[in-house]
**Q** 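Questions regarding the structure given below will be posed in turn.
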Amino acid sequence: MTAVLHVDVDEFVAAVEVLRRPELKGKPVVVGGRGDPSKRGVISTANYEARRYGLHSGMPLRTALRKCPGAVFLPVDREAYEHASRDVMEVLRAITDALEVWGWDEAFVETNDQPEVVARAIQSAVSNKTGLSCSVGIGDNKLQAKIASGFAKPAGIYRLTAREWPEVMGGRRTEELWGIGRKSARKLSELGIDKVSELAAADEERLSLSFGPRTGPWLVALGRGVDHSRVSSVPRRARSRSLELTFDEDVEDPHVISAEVTRMTSRLAEHSMSSDRPVSSVTVKIRFAPFVTRTRIRRLPEPSIEVEAILEAAIVALGRFELDRPVRLVGVKVDFG
DNA sequence: TCTGGGGTCCTAGGACCC
DNA sequence: TCTGGGGTCCTAGGACCC
Ligand SMILES: [Mg+2]
């Protein structure tokens with residue numbers, strides 16, 4: 001019988017930082033933004049010590065400082081996490097080829113062996129070779145395994161298969177499902193659906209009327225713990241690449257905005273050229289001071305890796321904004337054709 | 001106490017064509 | 001001249017995840 005495992009490194013980003021700064025062990029550590037809680041930014045990861053103060057991912061750094069003045073604040077260092085991620089995945093790949101990497105610190109594994117045995121082997125290999133601890137969820141499919149790893153934290157193993165699903169999940173709120181967030185949970189609640197068991201018994205047609213033709217059936221499947229997607233070890237090609245920047249202070253000068261769009265687009269075009277991924281469209285994103293976000297997309301006449309054509313599209317897209325209000329964020333995204 | 005950055009997928013409306 | 005249906009492309013926005 002095939003089982004799916006979901007491996008998730010515990011407090012990954014914070015753990016990587018503590019590994020290279022052992023003196024931080026046992027202290028509340030917050031990684032986010034540029035590591036300066038007097039500036040704009042949110043928490044990427046808080047370690048377990050910091051979470052005891054109510055700190056969590058997505059919380060503004062300013063708030064975190066107020067709630068936990070003794071915390072150590074560190075800037076995000078993506079290269080370090082990408083490096084650590086490669087180390088972890090290498091350890092996993094030495095154990096199994098049936099591995100689907102999911103972000104920096106997560107992976108799905110398919111196995112025909114005893115899943116608990118494989119899980120323990122993974123945990124000790126990752127710990128011995130990288131010094132990081134991880135949790136492992138076991139399921140019949142990716143959805144079950146992913147939710148199970150949440151229950152396994154920290155450093156544990158948890159089994160959630162079709163057999164356990166109704167008992168373990170039935171009475172929980174729909175928001176605990178992977179793919180249902182605050183907005184969808186609220187919308188479901190307005191339809192009288194609060195618990196996973198109620199979602200499992202819901203009428204697809206009725207949900208489709210509210211959520212759309214594909215999302216309706218998918219939601220009911222979620223409620224039942226059904227997921228037919230396979231574990232795929234084929235690396236996926238990115239469909240888009242983007243850059244965005246929140247200014248330290250709101251910007252009123254349109255020249256500053258257009259200079260930033262040009263800079264970002266040039267970098268993205270360089271990547272398009274060097275990786276030979278033609279760009280099919282460019283999206284410019286502006287977030288105005290009251291946190292209202294607008295996008296303008298411009299399709300290229302034909303997909304291109306040429307900086308001139310990509311820049312041209314970005315300038316056209318930007319030109320469709322009225323930049324007569326303070327701006328807090330600017331971003332550029334390219335879609336590959 | 002104002003709310004990051006990098007991604008994926010879905011929905012919906014209008015244009016346009018058959 | 002009006003009605004109607006379906007398919008695809010383009011654009012804008014939304015929700016979610018790490
Ligand atoms: Mg993790």
Side-chain angles (χ1 to χ4, degrees), chain A residues 6 8-9 11-13 30-45 54-68 75-78 81-82 85 101-107 142-143 146-147 149-150 174-175 177-188 208-219 222 229 236-250 264 268 271 280-301 313 316-317 320-321 328-337:
Chain A
H6 180 255
D8 191 331
V9 178
E11 45 176 10
F12 174 68
V13 159
V30 169
V31 183
R34 276 145 299 174
D36 180 350
S38 72
K39 294 218 160 76
R40 285 174 168 168
V42 302
I43 298 179
S44 282
T45 306
L55 274 50
H56 56 81
S57 299
M59 175 183 282
L61 296 179
R62 293 183 152 105
T63 312
L65 177 65
R66 191 173 50 77
K67 285 181 171 278
C68 184
V76 172
D77 181 354
R78 286 181 48 186
Y81 316 140
E82 280 163 10
S85 173
V101 177
W102 201 264
W104 280 337
D105 73 315
E106 298 180 23
K142 287 160 74 174
L143 168 64
K146 167 73 186 173
I147 293 173
S149 71
T174 58
E175 200 175 338
L177 292 166
W178 186 38
I180 298 187
R182 259 226 317 274
K183 299 287 179 94
S184 299
R186 163 163 290 221
K187 206 164 145 185
L188 284 169
S208 292
L209 284 178
S210 292
F211 289 88
R214 294 175 69 92
T215 306
W218 172 73
L219 284 169
L222 271 188
S229 68
R236 275 196 307 272
R237 291 206 314 174
R239 297 184 167 221
S240 66
R241 192 178 175 96
S242 65
L243 292 169
E244 62 183 57
L245 173 70
T246 295
F247 298 112
D248 279 333
E249 264 129 38
D250 298 338
M264 290 175 166
L268 293 169
H271 174 267
S280 57
S281 63
V282 181
T283 304
V284 173
K285 172 157 122 182
I286 301 283
R287 178 169 294 147
F288 296 98
F291 216 77
V292 176
T293 308
R294 295 283 178 261
T295 59
R296 293 291 179 267
I297 184 168
R298 174 71 172 184
R299 263 191 100 72
L300 275 64
V316 171
R320 291 210 286 254
F321 280 103
R328 69 174 280 142
L329 171 149
V330 56
V332 179
K333 171 163 87 94
V334 295
D335 283 279
F336 301 121

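Naming convention: chains lettered A, B, ... in sequence-line order (proteins, then strands); numbering from 1 in each chain. Since we're looking at a predicted model, the values are computed, not measured.
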**Q** What distance, rounded to whole Å, do you find between the two C1' atoms, one in dC2(B) and one in dC18(C)?
**A** 22 Å
**Q** Is a side-chain N or O of Ser184(A) found less than 3.5 angstrom from the main chain of Gly181(A), in a donor-acceptor match?
**A** no
**Q** Using the glycosidic torsion, which applies to dC2(B): syn (within 90° of 0) or anti (everything else)?
**A**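 Because its glycosidic torsion lies within 90° of 0, dC2(B) adopts the syn conformation.
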**Q** So what does Gly33(A) hit on the nucleic acid, given a heavy-atom distance under 4.0 Å: a base, only sugar-phosphate, or nothing?
**A** nothing
**Q** Can you measure Met264(A) atom CE to dG4(B) atom P for me and round it to whole angstrom units?
**A** 13 Å
**Q** Regarding Leu245(A), tell me which of base, sugar-phosphate or nothing describes its non-hydrogen contacts under 4.0 Å with the strands shown.
**A** sugar-phosphate
**Q** Please give the nucleotide sitting opposite dC18(C) as a Watson-Crick or G-U wobble pair, both distances under 3.5 Å, or none.
**A** dG5(B)
**Q** NE2 of His56(A) versus P of dT1(B): gap in Å, rounded?
**A** 15 Å
**Q** Closest nucleotide of DNA chain B for Phe247(A) versus for Arg236(A): which of these residues is on the 5' side?
**A**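 The 5'-side residue here is Phe247(A).
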**Q** With distance as the sole test, does Arg40(A) use its side chain to make a donor-acceptor pair with the main-chain N or O of Phe247(A) at under 3.5 Å?
**A**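 Looks like yes, one N/O pair under 3.5 Å.
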**Q** Report the distance from atom CH2 of Trp104(A) to atom C1' of dC17(C), rounded to the nearest whole Å.
**A** 13 Å
**Q** Any sub-3.5 Å donor-acceptor pair from Ser280(A)'s side-chain atoms to Asp335(A)'s backbone N or O?
**A**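 Pair found, side chain donor or acceptor close to backbone of Asp335(A).
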**Q** Indicate, with a heavy-atom threshold strictly under 4.0 Å, whether Arg287(A) touches base, sugar-phosphate, or nothing.
**A**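 Sugar-phosphate only.
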**Q** Would you indicate what Gly212(A) reaches in the nucleic acid, counting non-hydrogen atoms under 4.0 angstrom: base, sugar-phosphate, or nothing?
**A** sugar-phosphate
**Q** Between the side chain of Arg296(A) and the main-chain N/O of Ile286(A), is any donor-acceptor distance below 3.5 Å?
**A**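 Checked: no pair found.
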**Q** For Leu61(A), report the nucleic acid contact type (base, sugar-phosphate, nothing); a contact means any heavy atom under 4.0 Å.
**A** nothing
**Q** For Ser208(A) and Ser242(A), take the nucleotide of DNA chain B holding the closest heavy atom to each; which residue's nucleotide lies nearer the 5' end?
**A** Ser242(A)
**Q** In the strands shown, is dG13(B) matched to any nucleotide by a Watson-Crick or G-U wobble pair with both distances under 3.5 Å, and which?
**A** dC10(C)
**Q** To the nearest Å, give me how far apart CG (Asp105(A)) and P (dC17(C)) are.
**A** 15 Å
**Q** Under 4.0 Å, counting only non-hydrogen atoms across every strand here, what does Ala64(A) touch: a base, just sugar-phosphate, or nothing?
**A**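 Contact class for Ala64(A): none.
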**Q** Starting the side chain at C-beta, find the nucleotide from dC10(B), dC17(C), dG6(B) nearest to Lys146(A).
**A** dC17(C)
**Q** Rounded to the nearest angstrom, tell me the gap between atom CD in Glu244(A) and atom C1' in dG5(B).
**A**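 That distance rounds to 5 Å.
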**Q** Using a 4.0 Å heavy-atom cut-off across all strands, classify Ser44(A) as base, sugar-phosphate, or nothing.
**A** base
**Q** Checking contacts here: which listed nucleotide (dA15(C), dG5(B), dC2(B)) is nearest the side-chain heavy atoms of Arg62(A)?
**A**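 Nearest listed nucleotide: dC2(B).
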**Q** Just checking Trp102(A): base, sugar-phosphate only, or nothing, at a heavy-atom cut-off of under 4.0 Å?
**A**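 Since no nucleic acid heavy atom lies under 4.0 Å of Trp102(A), the category is nothing.
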**Q** Of the candidate nucleotides dT8(B), dG6(B), dG4(B), which contains the atom at the shortest distance from the side chain of Arg78(A)?
**A** dG6(B)
**Q** Report yes or no: does Arg62(A) contribute a side-chain atom to a donor-acceptor pair with the main-chain N or O of Ser38(A) at less than 3.5 Å?
**A** yes
**Q** Round to the nearest Å and state the distance from Lys187(A) atom NZ to dA15(C) atom C1'.
**A** 10 Å
**Q** Round to the nearest Å and state the distance from Arg298(A) atom CZ to dA12(C) atom P.
**A**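 These atoms are roughly 11 Å apart.
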**Q** At under 4.0 Å between heavy atoms, what does Phe12(A) touch on the DNA or RNA strands: base, sugar-phosphate, or nothing?
**A** nothing
**Q** Pick base, sugar-phosphate or nothing for Leu329(A), based on heavy-atom distances below 4.0 Å to the nucleic acid.
**A** sugar-phosphate
**Q** With distance as the sole test, does Lys39(A) use its side chain to make a donor-acceptor pair with the main-chain N or O of Arg34(A) at under 3.5 Å?
**A**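 The answer is no, because no donor-acceptor pair under 3.5 Å joins these two groups.
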**Q** Counting the atoms with a prime plus P, OP1 and OP2 as sugar-phosphate, which does Arg328(A) contact under 4.0 Å by heavy atoms, base, sugar-phosphate, or nothing?
**A** base
**Q** Check every atom of dG13(C), dA15(C), dT11(B) against the side chain of Arg296(A) and return the nucleotide holding the closest atom.
**A** dG13(C)
**Q** Check whether any side-chain nitrogen or oxygen of Arg299(A) sits under 4.0 Å from OP1 or OP2 of dC9(C), and answer yes or no.
**A** no
**Q** Under 4.0 Å between a side-chain N/O of Arg239(A) and OP1 or OP2 of dG7(B), yes or no?
**A** no
**Q** Mark this stacking check for Phe291(A) against dT3(B) as yes or no, applying ring centres under 5.5 Å and ring planes under 30°.
**A**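 Stacking between Phe291(A) and dT3(B): present.
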**Q** Output the rounded distance in Å from CD (Glu82(A)) to P (dC18(C)).
**A**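 Rounded to whole Å, this separation is 18 Å.
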